[in-house]
Number of protein chains: 2
Amino acid sequence: MDTTIICPRFETAISLLSQRWTGLIIYQLLNGPQRFRHLTEVIGISGRLLSERLKSLEAAGVVTRKVYPETPVRIEYELTEKGFSLKPVMDAIQDWSQEWVEPVNAK
Amino acid sequence: MDTTIICPRFETAISLLSQRWTGLIIYQLLNGPQRFRHLTEVIGISGRLLSERLKSLEAAGVVTRKVYPETPVRIEYELTEKGFSLKPVMDAIQDWSQEWVEPVNAK
DNA sequence: CCCTTTAGTTACTTTATGTAACCAATTATA
DNA sequence: TATAATTGGTTACATAAAGTAACTAAAGGG
């Protein structure tokens, strides 16, 4: 009998990455710290969900939130070391998409 | 003004991978062709969702369905070349999880 | 004061997921 | 000859997550 068990760490990792938007947020933050509003515009996510995702990414130790008390207030989100170390994952997805995903395609 | 645009191929790729269960299904199928029932047991997914995911993975050209008219009928799902070429992605997630995810953790 | 900007939150609708019972095909068992 | 068992699903319904859009708080600027 095949009693293969999926690695629990892998499962934890993929449950993070397979949440809608989290991959795109991390991918986008690989370009450097960015503001809330900018993220909504570039990614095409609503404030409601971006807020939720950033909180859970912060809780997961992937993202940090930095407040600059300018006017109007500037808040930047950036990847932690843990977050940056997802770059090889994003690169692998990027590579695969270049080879296997046709460019056209609307939906 | 920063008019960065996220690569559409990357977006397509990640919209596939960020569907719940698809990552685990692909990861599991990297071990070779497997039957429907076996997948439900190993992954812990319901028949309803597994069926739906396998159909969309087939439509995306990542998985093929093979029917062996034995008794009871044996149907095996296996990765296509496109599917197997996601191995570097899965490996990268695996590597990251080994380094950054603590093993304990229930939910 | 009123307006603008940023960074969210709230309330509500729509879509996706979870759960469990059910079905058809086929062969073994009482 | 029923009856049960196994596989590969599907259906119907409940719950959770995501989408939409309006709203709020804080802090200047005019």
Side-chain angles (χ1 to χ4, degrees), chain A residues 1-4 6 11-12 14-29 32-60 63-78 106-107, chain B residues 1-4 6 11-12 14-26 28-29 32-60 63-79 106-107:
Chain A
M1 187 188 177
D2 185 350
T3 45
T4 313
I6 290 179
E11 251 187 283
T12 301
I14 209 153
S15 78
L16 183 85
L17 293 172
S18 71
Q19 264 194 112
R20 207 164 209 167
W21 303 113
T22 45
L24 277 181
I25 293 169
I26 292 165
Y27 176 78
Q28 181 61 29
L29 288 178
Q34 283 163 65
R35 305 178 73 170
F36 189 90
R37 168 163 287 268
H38 183 240
L39 287 171
T40 63
E41 286 164 3
V42 171
I43 298 178
I45 185 180
S46 69
R48 178 191 165 291
L49 279 186
L50 179 60
S51 172
E52 191 177 303
R53 285 300 179 273
L54 287 172
K55 277 177 190 163
S56 74
L57 287 172
E58 243 194 298
V63 160
T64 46
R65 180 178 187 270
K66 290 196 175 165
V67 181
Y68 300 88
E70 303 171 356
T71 175
V73 66
R74 178 164 58 102
I75 293 174
E76 288 192 341
Y77 291 90
E78 70 175 297
K107 207 213 157 171
Chain B
M1 185 188 178
D2 185 349
T3 46
T4 313
I6 291 179
E11 250 187 286
T12 301
I14 210 152
S15 78
L16 182 85
L17 292 172
S18 70
Q19 264 192 113
R20 206 164 209 168
W21 303 113
T22 44
L24 277 181
I25 293 169
I26 291 164
Q28 181 60 30
L29 287 178
Q34 283 162 67
R35 305 179 72 168
F36 189 90
R37 171 162 285 267
H38 183 240
L39 288 172
T40 63
E41 287 164 1
V42 171
I43 298 177
I45 185 181
S46 70
R48 179 191 165 290
L49 278 187
L50 180 59
S51 173
E52 191 176 302
R53 286 300 181 274
L54 288 171
K55 277 177 191 164
S56 76
L57 287 172
E58 245 193 297
V63 160
T64 46
R65 180 178 188 270
K66 291 195 175 166
V67 181
Y68 300 88
E70 303 171 356
T71 174
V73 66
R74 178 163 58 103
I75 293 176
E76 288 193 339
Y77 291 90
E78 70 175 297
L79 295 177
K107 204 223 159 172

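A note on names: the letters A, B, ... follow the listed sequences, proteins ahead of strands, and every chain is numbered from 1. The structure displayed is predicted, hence computed values, not measured ones.
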Kindly determine whether B:Val42 and A:Ile6 satisfy side-chain contact (heavy atoms from CB on, under 4.5 Å), including the steps that lead there. CA-CA 7 Å; B:Val42 171; A:Ile6 290 179; 4.1 Å; yes
For [N], does either OP1 or OP2 sit under 4.0 Å from a side-chain N or O belonging to [X]?
X	N	answer
A:Lys66	C:dA7	no
A:Tyr77	C:dG8	yes
A:Trp21	D:dA17	no

Heavy atoms from C-beta onward define the side chain here; which of [options] lies closest to that of [X]?
X	options	answer
B:Arg20	C:dT17, C:dT6, D:dG9	C:dT17
B:Arg65	D:dG9, D:dA27, D:dT7	D:dG9
B:Arg37	C:dG8, D:dG8, C:dT9	D:dG8

Can you tell me the distance, in whole Å, between the [atom1] atom of [X] and the [atom2] atom of [N]?
X	N	atom1	atom2	answer
A:Phe36	D:dA25	CZ	P	17 Å
B:Leu39	D:dG8	CG	P	10 Å
A:Ile75	C:dT9	CD1	P	10 Å
B:Lys55	D:dG9	NZ	P	8 Å
A:Arg74	D:dA26	CZ	C1'	17 Å
B:Gln34	D:dT7	CD	P	15 Å
A:Glu70	D:dG28	CD	P	11 Å
B:Glu41	D:dT6	CD	P	11 Å

Quick one: pull up [atom1] in [X] and [atom2] in [Y] and give me the separation to the nearest 0.5 Å.
X	Y	atom1	atom2	answer
A:Glu11	B:Ile43	CD	CD1	9.0 Å
A:Ile45	A:Leu50	CD1	CG	5.0 Å
A:Thr64	A:Leu57	OG1	CG	11.0 Å
A:Glu70	A:Ile75	CD	CD1	11.0 Å

Between A:Val73 and A:Arg35, which heavy-atom pair has the shortest distance, and what is it?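 Taking A:Val73 first and A:Arg35 second, the nearest heavy atoms are O-NH2, 3.2 Å.
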Compile the donor-acceptor pairs under 3.5 Å between side chains in residues 16-26 of chain B and protein atoms, sequence neighbours left out, one pair per line.
from    : atom 1 : to      : atom 2 : distance (Å)
B:Ser18 : OG     : B:Ile14 : O      : 2.8
B:Thr22 : OG1    : B:Leu16 : O      : 2.9
B:Thr22 : OG1    : B:Gln19 : O      : 2.7

Can you pull out how bent the helix from C:dC1-D:dG30 to C:dA30-D:dT1 is, comparing the axes over its first five and last five pairs, to 10°?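 Axis-to-axis angle, ends of the helix: 30°.
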Please work out which residues in residues 45-53 of chain B have a non-hydrogen atom less than 4.0 Å from an atom of DNA chain D and list them by number.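 Output list: B:Gly47, B:Arg48, B:Ser51.
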Could you tell me whether the side chain of A:Gln28 reaches within less than 4.5 Å of the side chain of A:Leu39, counting heavy atoms only?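 Touching, per the 4.5 Å side-chain cut-off.
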Any chance you could lay out the side-chain contact (heavy atoms from CB on, under 4.5 Å) test for A:Tyr77 and A:Val63, step after step, and finish with the verdict? CA-CA 7 Å; A:Tyr77 291 90; A:Val63 160; 3.9 Å; yes
